[in-house]
Structure formats: C-alpha cells, structure tokens
Amino acid sequence: RRWMWRSGWVMTALALSAAALALWGVSRAASAPHWWNPPRATSARVIRNAEEVEGAAMAQLTLVRESNAPWSVSISQHDANDWLAARLPLWLESRGQQLPAQVRTVSAAFTGEGVYLGAKVHPGGRVFWVLAEPRVDDRGLWLTAVRAGMGDVPVPVDQALASDLLPPEARAVLRGEQPALADVSTTVDGSRRVRLVHLRPTPGSLEVSAVTEGR
C-alpha cells in the first residue's frame, strides 16, 4: 500500500487558495466543473478515512530515515478530499483560523496539468476554481494559476484575479508574484526537520518528495 501523506504546509496552501475563490462575488455558471465531486463531510466512512490519513501522515513524517536522503510518497485525490471535507475545518480551528463564512465546500483534483482548487459558496451555490501549477524552489511553495472558471465556464485568469474582493495576498500568490508558503519545512521529534523538495501532480494523485534533516 502507498501510504498517503499530508503536511501542514501543503494542505494549508491548497485549502486556503481554494477558499479565497469564495470572494469572487459573481453570479454565473450554475453547473459544477467536470472534476467537482466532493465527499459528504458527515459520512462515517469519510471521517474515518480522514483520521487514518492523518495517522499515516504522522507516521511518514516521524519515520526514522537516513539523514538528507530524499524520499517520496503519494497523496491520492480521494484521500485529500476526504481530509478536506472532514478534517480541514477542525485543523484550521486548532490554529485560530477558519474558512470564509461564504464557503460551504472546498475540493481539489489532481491532473497532469496541475491541481484544480475549487470552493462552493453561498448564496448561489456556485463553484469557483483555478487550475494551479505547484512547484517548490529555494523561495518556497508556489501555486500559480494558469486557468480559472466559474462552474463549467472558463474565465480569463487575469479577469478572475482582478477582483478587489480577492485578498491582495491571495492575488499575489495565484499570479505567481509570491510563494504560497515561504517555509517548506516542519520540525518533527524536536530535533529533525522534514523539508519539501518537489510536488508532481498526476491524474488522481499528488507525488510529494521530501528530505528528513537531522539525526
């Protein structure tokens, strides 16, 4: 089995970028995009799987590995969306954050083109989304939008990101002007750090490469 892996920086960047789309106050395109299929947050199966994903993530992060040797794991689209549905609000709450009040659902889809990030907002129940190309370099984790839309209707990226309702920081991130996260490492066991080095979206999964530094 390929254990699914999640870290604060990856999920935070994906989820908050999706949630920022809720601030496009535009009523257009009632139908959802073809990839939109979020799980039901109250489903016992979804809740159980999301908790198992967290456990597997912690196991991967704390696993004893050869220092500075690269390692890779995979996040499935199915597991990522279960976690976003069932655990994201609680995870944000534990860090003193929350989704915008208009957001009811966030979801992601992994393709060879990049990562689709979407948010369903109310009133209206519209789905707003971007297709972002993730990359990691010495300046951080980037999520640059290359496509955007409302429902199944494409919208020019420049037009979608021009709204004053979108927070300036979110616009800068999605335009590729600044990284979504500047620090792509996290401390584990008090003396080791796991550093993200590469993200590669493929159909149905996100391949994550990292190194564990320290003892």
Between [X] and [Y]: side-chain donor-acceptor atoms closer than 3.5 Å:
{"X": "R192", "Y": "T212", "value": "no"}
{"X": "R45", "Y": "S43", "value": "no"}
{"X": "R65", "Y": "Q60", "value": "yes"}
{"X": "S76", "Y": "S205", "value": "no"}

- prompt: If you measure from the Lys or Arg side-chain nitrogens to the Asp or Glu carboxylate oxygens, is any gap between R87 and D82 under 4.0 Å?
  reply: no

- prompt: Is the shortest side-chain N to carboxylate O distance from R147 to E113 below 4.0 Å?
  reply: yes

Keeping the roles fixed (side chain from [X], backbone from [Y]), state whether a donor-acceptor pair exists under 3.5 Å.
{"X": "Q77", "Y": "A109", "result": "no"}
{"X": "W129", "Y": "G151", "result": "yes"}
{"X": "S94", "Y": "W91", "result": "yes"}

Look up atom [atom1] in [X] and atom [atom2] in [Y], then write down how far apart they are to the nearest 0.5 Å.
{"X": "E213", "Y": "S185", "atom1": "CD", "atom2": "OG", "value": "7.0 Å"}
{"X": "N81", "Y": "W36", "atom1": "CG", "atom2": "CH2", "value": "8.5 Å"}
{"X": "L61", "Y": "T187", "atom1": "CG", "atom2": "OG1", "value": "11.0 Å"}
{"X": "R200", "Y": "F110", "atom1": "CZ", "atom2": "CZ", "value": "13.0 Å"}

Are any non-hydrogen side-chain atoms of [X] and [Y] less than 4.5 angstrom apart?
{"X": "P134", "Y": "V115", "answer": "yes"}
{"X": "V46", "Y": "P39", "answer": "yes"}
{"X": "R175", "Y": "L161", "answer": "yes"}
{"X": "V157", "Y": "V130", "answer": "no"}
{"X": "M150", "Y": "R126", "answer": "no"}
{"X": "V127", "Y": "P33", "answer": "yes"}
{"X": "V106", "Y": "L88", "answer": "yes"}

Minimum heavy-atom distance between [X] and [Y], given as atom pair plus value:
{"X": "L131", "Y": "G114", "value": "CD1-C, 3.7 Å"}
{"X": "L117", "Y": "A108", "value": "CD2-CB, 4.4 Å"}
{"X": "L196", "Y": "S209", "value": "CD1-O, 3.6 Å"}
{"X": "A86", "Y": "L90", "value": "O-CD1, 4.2 Å"}

field: Positive for side-chain hydrogen bond (donor to acceptor under 3.5 Å, both in side chains) with W83, one of E54, E51, H78
entry: E54

For residues 139-146, dump all side-chain donor-acceptor pairs below 3.5 Å to protein atoms at least two apart in sequence or in another chain.
{"residue": "W142", "atom": "NE1", "partner": "D137", "partner atom": "OD1", "Å": "2.9"}
{"residue": "W142", "atom": "NE1", "partner": "D137", "partner atom": "OD2", "Å": "3.2"}

message: Between R195 and D183, is the salt bridge (Lys or Arg N to Asp or Glu O under 4.0 Å) condition met? List the steps.
response: CA-CA 9 Å; R195 178 170 54 85; D183 185 1; over 6 Å; no

If two hydrophobic side chains count as joined below 4.5 Å and joins carry through other members, does [X] share a cluster with [Y]?
{"X": "I75", "Y": "V197", "answer": "no"}
{"X": "V53", "Y": "I47", "answer": "no"}
{"X": "V194", "Y": "V211", "answer": "no"}

